[in-house]
Amino acid sequence: MKKVALITGASRGIGRACAVALAKRGYDIAVNYNSNDAKAKEVVDEITSLGRKAVAYKADTADLNAVKQMFRDVVKEFGKLDVLVNNAGVVDDAYLLMIREDSLTRSLDINIKGYFHCAQQAALKMLSKRSGKIINISSVSSVLAVEGQAVYSATKGAVNSMTAVMAKELAPKGITVNAVAPGFIATEMMDAIPEELKAKYLEQVPMHRFADPEEVANTVATLCSGDFSYLTGQTIVLDGGLSL
Ligand code: NAP
C-alpha cells in the first residue's frame, strides 16, 4: 500500500535529500518549505520524475495556523500521513553577549515551537490508524558544546528531550518518535561558516570529512522502514565520530 511522508524544510539541504530518499523507497511526498518557491518546485519535479506523487506546501512551521492548514491540505490531497520528518530549522550563531532578541525568538519559534506544532498535528492524523513515524532532525550541537551556539544547542537539546517524551506518550498509540543528530553536513546552512573555521572543524571530525545530506537522508529512511519497528525515543548521533 502507498505511504505518505511530510518533510518540513524540504526545498533544500537535508530536507530535500530526505524527500528524495523516501520517494525512492516508494513514498508519496508532501514538500514543506518557507519561501523558496523555485527550489520547492525543483524537488517536486525530481520526485515526480521518480514516478511518485509530490506536492509543495508553503507554510512557516512557526505559525500554528499555517501548520494546521497544511496538515489538513496534506491529508485531503494524499488521504493519510505515515511519516513526519521535522527538519525545518535555522542557525544564527552568536556568542552569549552578542545574542539579539529577534534572532533568539526566531530560533526558538522555528527550531522548538515549529517541531511541536508539526508533531502535534501529525500525531492527530496518525492516531486513528494507530501507526506512524515521527523523525526529528536534531544536531550534534545538542550533545557537544560549540562556542557561539548556545541558542542553537539549546534548541537542539530541546529536540532530543521532546523526542523522548513524545515517544513515551505516543508508543501506546502505535507511533514511534526518534531523532537524528547530524554533525557537519555539506548544505547551504554551512555556507555561513568562514572557510578557516570549516578547516578547523574538519580537523576535529575523526572521519576527516563532512557528510553529504544523502547520508542523513538514508539514515532517516532506514529508521522509517520496518527494520526499526521497536526503536523509539532515541537520538541517533550521525557525526563521523565528532562527539566521541
Ligand atoms: P538549509 O540548507 O538551510 O535548509 C533549510 C530548509 O528549511 C529550507 O528548505 C527552508 O525553506 C526551510 N525552512 C527554514 N525555516 C522554515 C520555516 N520557518 N518553515 C518552513 N520551512 C523552513 O538547512 P539544512 O542544513 O538542510 O538543515 C536542516 C536541518 O538539519 C535543520 O534542523 C538543522 O538544524 C539540521 N542540521 C543541519 C546540519 C548541517 O551541518 N547542515 C547539522 C546538524 C543539524 P526555504 O528554502 O523556503 O527557505
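One-based numbering, in listed order, for ligands and for the atoms of each.
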A.B. asks: Would you mind telling me if ligand 1 is within reach of the side chain of Tyr57, the backbone, both or neither, using heavy atoms under 4.0 Å?
C.D. replies: neither
A.B. asks: Looking at ligand 1, does Gly114 have a heavy atom less than 4.0 Å from it?
C.D. replies: no
A.B. asks: Answer with yes or no whether Val91 contacts ligand 1, where contact means a heavy atom under 4.0 Å from a ligand atom.
C.D. replies: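 In this structure, Val91 fails to qualify as a contact of ligand 1 - no heavy atom is under 4.0 Å.
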A.B. asks: Using heavy-atom distances only, which candidate in Ser107, Ala56, Ser11 approaches atom 11 (O) of ligand 1 most closely?
C.D. replies: Ser11
A.B. asks: Hey, does Ser138 sit under 4.0 Å from ligand 1 if you only count heavy atoms?
C.D. replies: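 Yes, Ser138 has a heavy atom closer than 4.0 Å to ligand 1.
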A.B. asks: Does some non-hydrogen atom of Ala59 fall short of 4.0 Å from ligand 1?
C.D. replies: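 Judged by the 4.0 Å heavy-atom criterion, Ala59 does count as contacting ligand 1.
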A.B. asks: Answer side chain, backbone, both or neither: which part of Thr187 comes under 4.0 Å from ligand 1, heavy atoms only.
C.D. replies: side chain
A.B. asks: Met190: heavy atom below 4.0 Å from ligand 1, yes or no?
C.D. replies: yes
A.B. asks: Looking at Tyr152, which atoms of ligand 1 are within less than 4.0 Å of one of its heavy atoms?
C.D. replies: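 Counting atoms of ligand 1 from 1, those under 4.0 Å from Tyr152 are 33 (C), 34 (O), 35 (C), 36 (N), 43 (C), 44 (C).
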A.B. asks: Among all protein heavy atoms in this structure, tell me which lies nearest to atom 47 (O) of ligand 1, with the distance rounded to 0.1 Å.
C.D. replies: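 Protein heavy atom with the smallest distance to atom 47 (O) of ligand 1: Ser35 N, 2.6 Å.
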A.B. asks: Just so I know, are the side chains of Asp82 and Lys80 near enough to count as touching, which here means a heavy-atom distance under 4.5 Å?
C.D. replies: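 When only atoms from C-beta onward are counted, Lys80 and Asp82 do touch, with a gap below 4.5 Å.
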A.B. asks: For ligand 1, does Ile14 get within less than 4.0 Å through its side chain, its backbone, both, or neither, judged by non-hydrogen atoms?
C.D. replies: both
A.B. asks: To which of Ile110, Ile193, Ile7 does the heavy atom nearest atom 15 (N) of ligand 1 belong?
C.D. replies: Ile110
A.B. asks: Contact between ligand 1 and Lys156 is defined here as a heavy atom of the residue under 4.0 Å from a ligand atom; is it met?
C.D. replies: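 Flag set, Lys156 near ligand 1.
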A.B. asks: Quick one: look at Thr8 and ligand 1, take heavy-atom pairs under 4.0 Å, and tell me if it's side chain, backbone, both or neither.
C.D. replies: neither
A.B. asks: Over 60° means perpendicular and under 30° means parallel, so classify the ring planes of Phe184 and Tyr201, tilted if in between.
C.D. replies: parallel
A.B. asks: Does ligand 1 have an atom under 4.0 Å from some heavy atom of Ala40?
C.D. replies: no
